[in-house]
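Accompanying notes for the structure given below.
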Protein chains: 2
Amino acid sequence: MASNAAFAEVANLAGDPARAGMLHALMDGRALTATELARVAGITPQTASGHLMQLTAGGLLSVEKQGRHRYHRLASPAVARMLESIMQVAADAAPRKKTFAGPRDLALRAARTCYDHLAGHLGVALADALVTRGDIELGADAGIVTKSGAALFDRLGIELGANSKSKSRMMCRPCLDWSERRPHLAGHVGAALCKHCLSEGWIKHIDGTRAVAVTVKGQRNFRDVFGVSGV
Amino acid sequence: MASNAAFAEVANLAGDPARAGMLHALMDGRALTATELARVAGITPQTASGHLMQLTAGGLLSVEKQGRHRYHRLASPAVARMLESIMQVAADAAPRKKTFAGPRDLALRAARTCYDHLAGHLGVALADALVTRGDIELGADAGIVTKSGAALFDRLGIELGANSKSKSRMMCRPCLDWSERRPHLAGHVGAALCKHCLSEGWIKHIDGTRAVAVTVKGQRNFRDVFGVSGV
DNA sequence: GCGATGCTTCGGCCCTGGCCGAAGCATTTT
DNA sequence: AAAATGCTTCGGCCAGGGCCGAAGCATCGC
């Protein structure tokens, strides 16, 4: 079968430690330069250049040239979902490592972005709160936004663009959280919510990682709007 | 970050051509012996043995000893979803290969199982029919079974076990088909439907692959029950 | 028991592919 | 111009790991 070779090629691209580090760093959806990626992967720029070429040729990354910089980002949401699913299996399979969580790990577990939506303790807490309040219904495979949820998002000024579709109900995707082992909110709705939190200044990226910090304003709003405190 | 190493390890396991072939062969959810897997991967049994040990140690496979045979299967649905998502990216990224589809490829494209549900032309046609008839609603991220759909499945004797949950509506997962580039039906509902088709003799596995053939009885039922013909 | 079958371990071959230093383009800055 | 910055190409080094043949354990059938 021909598709087999392509499969191994893609998996192999993600299977090198240096390349895995780069993909990991790109999982929050931002675009990074080759030198930045070399630094996070712990290799020299010329080695990184080779890896980036392979990743681009393999369809995992797309490049945007801008002056003397070249910005690399994940090629598509499908790539992000693939990376998420690999992380899921990796987290399932290797709880053997009692990896004493360093400060960076702790920050990631508390709250992080997962390509375009929120994950970590914050992400799960928000999903829980929305379910408890009856704003969304979440199953193992899928979720939907209820009438009250649609009203809530509307009140917050969150645009659920897919309303333009003929779908009578907004649907969303649950995403199993590798650190909390419980689902958080992904898909269109999760992305819109995350975007809103960032633009309202409720959360902000820590230095240049996927970890996010909840601002004072965010703490107030998460408590008042969603009934979520202690994040 | 510690989880990075585990990520690369898992991806690397799937990234070797021989191991990829084995995983591919296991994607229909059956359990195969080491020798069978060696054959599909095109390697000797002793080489396969090493690969299988790695895959098991990495948490991708689970082994069941039975007499002098050792049956290997995917360790969890999470692994199956990971493999699906990699195939998705691989299919997206490599349409360069004008791969003249051999007969095996053609059979796979017509109808196949995707771990526990139906894919290929048949899977997409069934999903389309169910949507058209109003039995399910399918978005990009999620789907739900409508009242009429629940009645249909009940009439067919398909048990949607998750009804026991407090969920008021049955939800299901759409899965982007790599050959058709359109969603087919996955998740709990997709699995139940596939199981029903197999047990009723509407479809059956071709030799020992993921490809399935539609029986005469199946053609009649797909036409009469779902309005799907020409499969 | 004895041989056949399924699978694993061991040892050694070989080659892919990741790594870096040095040098070469391209673009921006002074 | 000339220097600085970002990135890529080239060449050579080297280790990791996939592969098989041969031999060693298990389990089944006679």
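These numbers come from the heavy atoms of this one structure, side chains and all, not from hydrogens, waters or symmetry mates. Every chain is numbered from 1 and lettered A, B, ... according to where its sequence line falls, protein lines coming before strand lines. Since the model is a prediction, treat every value here as computed from it, not as a measurement.
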Exercise for review: Quick one: list whatever passes salt bridge (charged side-chain N to carboxylate O under 4.0 Å, His left out) with B:Arg30, sequence neighbours left out.
Suggested key: B:Asp28
**Study point:** Counterpart residues, ring pair (Phe, Tyr, Trp, His ring centres under 6.0 Å), relative to A:His205 (two or more places apart)
**Key:** none
Point to revise | Annotated protein contacts, base or backbone, on nucleotides 10-22 of chain C with a non-hydrogen cut-off under 4.0 Å, one of B, S, - each | key: --------SSBBB
Check your understanding: Starting at the 5' end of DNA chain C, what dot-bracket string do you get if Watson-Crick and G-U pairs under 3.5 Å are bracketed, crossing pairs use [ ], other-strand pairs use | and unpaired bases use dots?
Key -> ||||||||||||||||||||||||||||||
Exercise for review: Not counting sequence neighbours, which residues clear side chain to side chain donor-acceptor pair (under 3.5 Å) with A:Asp116? List them please.
Suggested key: none
Exercise for review: Using side chain to side chain donor-acceptor pair (under 3.5 Å) as the criterion, list what pairs up with A:Thr113, not counting sequence neighbours.
Suggested key: none
Practice item. Establish, from distance only, whether the side-chain atoms of A:Thr209 and A:Arg112 form a donor-acceptor pair under 3.5 Å. Key: no
Review point. Would you say a side-chain N or O of A:Lys65 is under 4.0 Å from OP1 or OP2 of C:dT27?
Key: yes
Point to revise | DNA chain C contacts made by residues 66-76 of chain B, counting heavy atoms under 4.0 Å | key: B:Arg68, B:His69, B:Arg70
Point to revise | Distance, rounded to the nearest Å, where B:Met53 contributes CE and D:dG18 contributes C1' | key: 14 Å
Review point. What residues form a salt bridge (charged side-chain N to carboxylate O under 4.0 Å, His left out) with B:Arg73, not counting sequence neighbours?
Key: none
Exercise for review: Report the residues that fulfil side chain to side chain donor-acceptor pair (under 3.5 Å) with B:Arg173, sequence neighbours left out, ordered by chain and then residue number.
Suggested key: none
Revision key, fill the gap. Rounded to whole Å, CG of A:Leu32 lies from C1' of D:dG6 at a distance of 15 Å
Review point. In whole angstroms, how far is the C1' atom of D:dG18 from the CE atom of B:Met22?
Key: 12 Å
Review point. Residues two or more places apart in sequence or in another chain: which of them pass salt bridge (charged side-chain N to carboxylate O under 4.0 Å, His left out) with B:Asp141?
Key: none
Exercise for review: Apply side chain to side chain donor-acceptor pair (under 3.5 Å) to A:Gln88 and list each qualifying residue two or more places apart in sequence or on a separate chain.
Suggested key: A:Asp92
Check your understanding: Of all residues at least two apart in sequence or in a different chain, which pass the ring pair (Phe, Tyr, Trp, His ring centres under 6.0 Å) check with B:His184?
Key -> B:His117
